[in-house]
Amino acid sequence: MAKAQRAAAVSGGSVRETAERADALEGAHIVYAKEWGSPAHYGDADAERYLDMGPGAGLNLNIFPNLLIIGNHLQIIEPLTVDSTALSWYGTTIEGVPDEINTLRMRMQEDFPAFGEPDDLANFEEAQRGMVIPEMEWIDISRGAGTDREKTDNQGVVIGPVTDEHHIRGYFQEWTRLMTGATTGWSERRGSADEH
Amino acid sequence: MNTNTDPALMTYQPQFMYVDPHFYDVVKGDVEAWKDPGEMIAQPAASIVEQFLILENRLVDSGRFEEWLDLFTVDCLYWVPTVTADVDPTTQLCTAFDDRRRLEDRIVRLRTGTAYSQVPPSRTCRTISNLEIWESETPGEIRVRCAVVIHEWRVGEMRVIPGWYGYVLRKSSGPGAELSKRSELRVVRKQVDLVQADVPLRNMTFVI
């Protein structure tokens, strides 16, 4: 490439690289097409970009205390009483894309609620049934604890195998910290009445 | 490693590419068609259609899902909306919007033994009534609208799930042919409109 640029400069021209077809054609006298060609043979970049917005994001992000971002879904966990919790799923659409892409997202977003989540819910209900037995007051979330699989990376993030339960322990550690920490009363927050 | 190189198995391709914009237009046409049934078809055809629906529902109640799916065409739809008015699958999430491929997946999943939401399986009894049967605007196809009540028993709980079915049936004997037996019919589209479509339905992993 450097050789080509030098040769072009000698004759008063220029050479540059681009991955965008339209950009390459703009004002160009010569186009050297490498690894791309007609949409019929090499696909349509816009179509591929849009289609990438159809399936789930391959993401499972749990934000303490009760917001989950799972694929294209938002999930909100709301404990209602000691023995009931509401789990709400929200489907999402994207603005500024062809309607067909959002329809595709609807179909994709029916996958997990139909094929995975019901099994999770069945397991939650089984766990709840187990929890009401007086002799079984605990759910074991110790998998992976005390092993060298749990590490802190150079950004201070604790990492470990996805099958270990340290992320669940992290939730309860944070919950414990908040529930046992000092609380700030109304007057401390607002300042004393004399200041007003 | 997959060592199965049997060409006969490898050439199988479910015909799932039919869910395109035109297909959605057809489905939206169904939504309108269910509102005003046409001229009822006469006996004995009506009775044969009813017997076919009884078979279809009995196979599901019996857990005979493979035989049940044999009653569906290769371009079929099994649709359970989540709303009761202004139904539009292009903009709404559905409890199910299964094309042939996903319907096959649904049954394969139920057969894995690890679909915990169906371990143990639901026992169901569905009763259909109030049948309205009329010729579709598409030659060789018949529309049926009927009421359904599903009783479901699972893990100590009885649930009652009411709604209505909208069926598009196709005659394998082709347009114009006289319907002589129920085995000549296939389901092209089955729409399940539940009375409680828009409230949390919990475990709906049995075939509705």
Side-chain angles (χ1 to χ4, degrees), chain A residues 47 50-51 53-56 70-81 83-133, chain B residues 16-25 27-28 77-83 87-99 101-122 154-157 192 198-208:
Chain A
Y50 285 136
L51 283 172
M53 298 177 185
I70 302 174
N72 293 337
H73 297 96
L74 298 179
Q75 195 182 99
I76 310 286
I77 305 167
E78 294 169 284
L80 301 177
T81 66
D83 61 356
S84 69
T85 297
L87 196 63
S88 304
W89 286 70
Y90 296 89
T92 59
T93 56
I94 299 179
E95 289 183 2
V97 299
D99 291 343
E100 290 84 356
I101 296 300
N102 281 321
T103 298
L104 187 60
R105 286 173 72 89
M106 294 302 109
R107 298 294 83 80
M108 291 287 189
Q109 291 177 90
E110 285 155 7
D111 272 341
F112 195 73
F115 287 75
E117 185 67 15
D119 292 338
D120 285 355
L121 283 176
N123 288 339
F124 296 157
E125 289 187 355
E126 295 292 327
Q128 180 69 35
R129 195 171 297 133
M131 291 291 284
V132 302
I133 298 170
Chain B
F16 52 82
M17 292 301 288
Y18 54 89
V19 182
D20 56 15
H22 170 69
F23 184 78
Y24 281 108
D25 287 341
V27 170
K28 287 179 189 176
L77 174 70
Y78 165 81
W79 179 26
V80 187
T82 46
V83 294
V87 182
D88 182 353
T90 64
T91 58
Q92 294 159 355
L93 288 167
C94 307
T95 297
F97 193 91
D98 292 2
D99 62 359
R101 178 182 58 168
R102 196 177 292 196
L103 211 40
E104 291 175 4
D105 285 348
R106 189 177 290 277
I107 292 168
V108 168
R109 175 181 171 279
L110 289 172
R111 294 299 192 216
T112 59
T114 53
Y116 300 113
S117 46
Q118 281 298 307
V119 180
S122 299
R154 187 176 177 276
V155 196
E157 186 185 358
V192 183
D198 55 353
V199 301
L201 294 163
R202 297 173 55 212
N203 186 350
M204 293 300 279
T205 47
F206 59 94
V207 174
I208 309 167

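Keep in mind it's a predicted model, so treat the numbers as computed, not measured.
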Q) What residue, out of B:Ala115, B:Cys94, B:Ala96, has the most heavy-atom pairs lying under 4.5 Å from chain A? A) B:Cys94

Q: Name the region of A:Pro113, side chain, backbone, both or neither, that has any atom closer than 4.5 Å to a heavy atom of chain B.
A: neither

(Q) As an exercise, state the distance from CG of B:Asn203 to CD of A:Glu125, rounded to the nearest 0.5 Å. (A) 7.5 Å

Q.
With a 4.0 Å cut-off on N to O distance, would you call A:Arg107 and B:Asp98 a salt bridge?
A. no

Q: Examine whether an atom of A:Glu100 lies under 4.5 Å from a heavy atom of chain B, and if so say whether it belongs to the side chain, the backbone or both; otherwise answer neither.
A: side chain

Q: To the nearest 0.5 Å, tell me how far A:Asn102 CG sits from B:Thr90 OG1.
A: 9.5 Å

(Q) Does A:Asn123 have more than 12 heavy atoms from other residues, nucleotides or ligands lying within 6.0 Å of its CG? (A) yes

Q. Are B:Arg102 and A:Asp111 close enough for a salt bridge, meaning some N to O gap below 4.0 Å?
A. yes

**Q.** Atom group of B:Thr91 that falls short of 4.5 Å from chain A, counting heavy atoms
**A.** backbone

Q | Separation of B:Leu93 CG from A:Gln109 CD (nearest 0.5 Å) | A | 5.5 Å

**Q.** Separation between OG1 of A:Thr103 and CG of B:Asp20, rounded to the nearest 0.5 Å
**A.** 11.5 Å

(Q) Taking side chain as everything from C-beta outward and backbone as N, CA, C, O, which of these in B:Pro89 sits under 4.5 Å from a heavy atom of chain A? Side chain, backbone, both or neither. (A) both

